[in-house]
Amino acid sequence: MQQGTHTPPGRNVVVVGTQWGDEGKGKVVDWLTDHANGVVRFQGGHNAGHTLVIKGIKTALQLIPSGIMREGVPCYIGNGVVVDPIHLLGEIERLEAIGVEVRSRLFISESCPLILPFHVEVDKAREALRESSGAGKIGTTGKGIGPAYEDKVARRALRVQDVKHPERFAKKLRELLTLHNFALTGYLKSTALEFQPIFDQSMQVAEQLKPMLADVGYRIHTANRQHGANLLFEGAQGTLLDIDHGTYPYVTSSNCVAGNAAAGAGVGPDMLHYILGITKAYTTRVGSGPFPTELPLDQPGTVGHHLSTVGQERGVVTGRIRRCGWLDVAALKRSVIINGISGLCITKLDVLDGLAEIKACVGYKLNGQDVDILPLDADEIEACEPVFEVFPGWTEKTFGLTRWEQLPANARAYLERVQSLIGAPIDMVSTGPDREHTILLRHPYKP
């Protein structure tokens, strides 16, 4: 029997944050997309904030995959993402206003749970209640992410596919609204929401989103296996915010780790070939929760103030000032294990320019014991005293450099030591916000 031609499957890369988010994933995804034939978001919602700088022009994305800024590249929102349809439409319109074609190449899984106005109100009211009761805020973005995931797990969620069936949508909406209004007007002491405005607005938005609905898992499987497409799976938030593996309860409501790229996109784990961990050259965190290497930010002339101001450390979504501290290698070791990291991309190295000395946390003192990896319990992490290794800084500028040999000797020594401590190779270094400010040591798409 004569054999026909066969296109070999493409190579797929997963991009995940290895810290508490805000590591610079959006820029790296955009940079890698020149080798990708599709970009897939697989978890989270519009609580993510990915900032891209292309030829000096800054664009902030929250829900739409970062690959949308590459002309002609298909982008997919997988079933693991919770979708606020009103926000999604607004984000599409903002991109269209700057000349980006979106609707012909954005595909939304019909299985995505919807975020509706009552999810947002419940989220905000719960945080206010925690604060007023003295329990302390979790630090959510107030976007309704957690309550939407709760509905999903409780098997009562309205999903994207429901917008195609208005009567079914209305029935499920009434049931959900009754449930959440009971919470809002009861123990949350907030205002009840009305059915009709939510239903009418949802149906209006649905008409514009319907052409973009798709069986995402099947579509990307077919593209990869039959047509040789290289795919890029884009994670949101960071490993230490993962609902299972993060500093619980100060975490997000989804699985941010690489293993969830398969479940959150609707494909098998055998399609995940290379895991790129994005790691800031220092550490930041937004919201509450333990942070062993945290530094004070307010005093000019201090390292914390330097990292905060030079790094422009302010949340993309919330605008909150990010907490800053030294790089935590012991925490990164946990992330490398959880994700099965193939290689690291170190971002914002240029922010360390000009510091007399640089520190990296290589372990902790916990209850009189030496610990070399981040503990699993948030209270134990809070009790950890960091153990630092100190490195000489550098006065030369690293901003915008594109070759390893251009880096100052002390910068190279710092990165080489971090690489050996973490137990994963550094394959890329980002030296600035623009997509061209990148040093490549090993390309994820070239085995």
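This chain uses plain numbering: 1 for the first residue, then up along the sequence.
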So, do [X] and [Y] sit near enough that their side-chain heavy atoms are less than 4.5 Å apart?
| X | Y | answer |
| --- | --- | --- |
| Thr284 | Ser308 | no |
| Ser335 | Leu240 | yes |
| Leu307 | Val351 | yes |
| Arg103 | Ile92 | yes |
| Pro65 | Val29 | no |
| Glu357 | Phe388 | no |
| Glu150 | Val122 | no |
| His305 | Gln299 | no |

### Message
Between Arg70 and Val39, does the side chain to side chain contact (heavy atoms under 4.5 Å, CB included) criterion hold? Intermediate values first, please.
### Response
CA-CA 10 Å; Arg70 290 278 186 176; Val39 181; over 6 Å; no

### Message
Would Arg219 pass as a cation-pi partner of Phe107, given that its NZ or CZ must be under 6.0 Å from the six-membered ring centre and within 45 degrees of the axis?
### Response
yes

Salt bridge or not between [X] and [Y]? Use side-chain N to carboxylate O under 4.0 Å.
| X | Y | answer |
| --- | --- | --- |
| Lys333 | Asp372 | yes |
| Arg225 | Asp270 | yes |
| Glu313 | Arg322 | yes |

### Task
Tell me, yes or no, whether the heavy-atom count around Glu416 atom CD, taken from other residues, nucleotides or ligands under 6.0 Å, exceeds 12.
yes

### Glu175 atom CD, over 12 foreign heavy atoms within 6.0 Å
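Yes - once you tally the heavy atoms of other residues, nucleotides and ligands closer than 6.0 Å, there are more than 12.
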
### Query
Yes or no on side chain to side chain contact (heavy atoms under 4.5 Å, CB included) for Trp326 and Val303, after CA distance, side-chain angles and deciding distance?
CA-CA 9 Å; Trp326 293 114; Val303 172; 3.5 Å; yes

Under a plain distance cut-off of 3.5 Å, with no hydrogens placed, do [Y] and [X] share a side-chain donor-acceptor pair?
| X | Y | value |
| --- | --- | --- |
| Tyr364 | Asp328 | yes |
| Ser254 | Asn260 | no |
| Glu382 | Tyr250 | no |
| Ser430 | Lys27 | yes |
| Asp151 | His119 | yes |
| Thr431 | Asp350 | no |
| Glu234 | Ser66 | yes |

Verify, without hydrogens or angle tests, whether [X] (side chain) and [Y] (backbone) share a donor-acceptor contact under 3.5 angstrom.
| X | Y | answer |
| --- | --- | --- |
| Asp434 | Glu436 | yes |
| Glu91 | Leu63 | yes |
| Arg41 | Cys75 | no |
| Arg412 | Leu407 | yes |
| Asn79 | Ala263 | yes |
| Arg442 | Lys446 | no |
| Lys348 | Gly311 | yes |
| Asn37 | Asn230 | yes |
| Lys172 | Ala157 | yes |
| Thr438 | Arg435 | yes |

Rounded at 0.5 Å granularity, tell me how far [atom1] in [X] sits from [atom2] in [Y].
| X | Y | atom1 | atom2 | answer |
| --- | --- | --- | --- | --- |
| Phe291 | Gln19 | CZ | CD | 8.5 Å |
| Ile346 | Asp427 | CD1 | CG | 10.0 Å |
| Asp30 | Ile68 | CG | CD1 | 11.5 Å |
| Arg334 | Thr18 | CZ | OG1 | 14.0 Å |
| Ile278 | Cys345 | CD1 | SG | 4.5 Å |
| Cys112 | Asp84 | SG | CG | 12.5 Å |

### Task
In sequence, state the C-alpha distance, the side-chain angles, and the governing distance for Tyr282 and Leu355, and then conclude on side chain to side chain contact (heavy atoms under 4.5 Å, CB included).
CA-CA 12 Å; Tyr282 48 100; Leu355 293 177; over 6 Å; no

Which heavy atom in [X] sits nearest to a heavy atom in [Y], and how many Å separate them?
| X | Y | result |
| --- | --- | --- |
| Leu297 | Cys324 | CD2-CB, 3.7 Å |
| Ser288 | Arg323 | C-NH1, 3.7 Å |
| Cys361 | Thr293 | CB-CG2, 3.5 Å |
| Ile426 | Gln419 | N-OE1, 2.7 Å |
| Asp162 | Phe169 | O-CB, 3.5 Å |
| His87 | Gln62 | CE1-OE1, 3.1 Å |

### Task
Start with the C-alpha distance between Leu88 and Ile77, add both sets of side-chain angles, then the distance that settles side chain to side chain contact (heavy atoms under 4.5 Å, CB included), and finish with yes or no.
CA-CA 11 Å; Leu88 177 57; Ile77 296 178; 4.2 Å; yes

### Query
What pairs meet the ring-ring contact (aromatic ring centres under 6.0 Å, His included) rule with one or both residues in residues 421-440, with sequence neighbours excluded?
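As it turns out, the ring-ring contact (aromatic ring centres under 6.0 Å, His included) pairs with a partner in residues 421-440, which skip direct neighbours, are Phe399-His437.
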
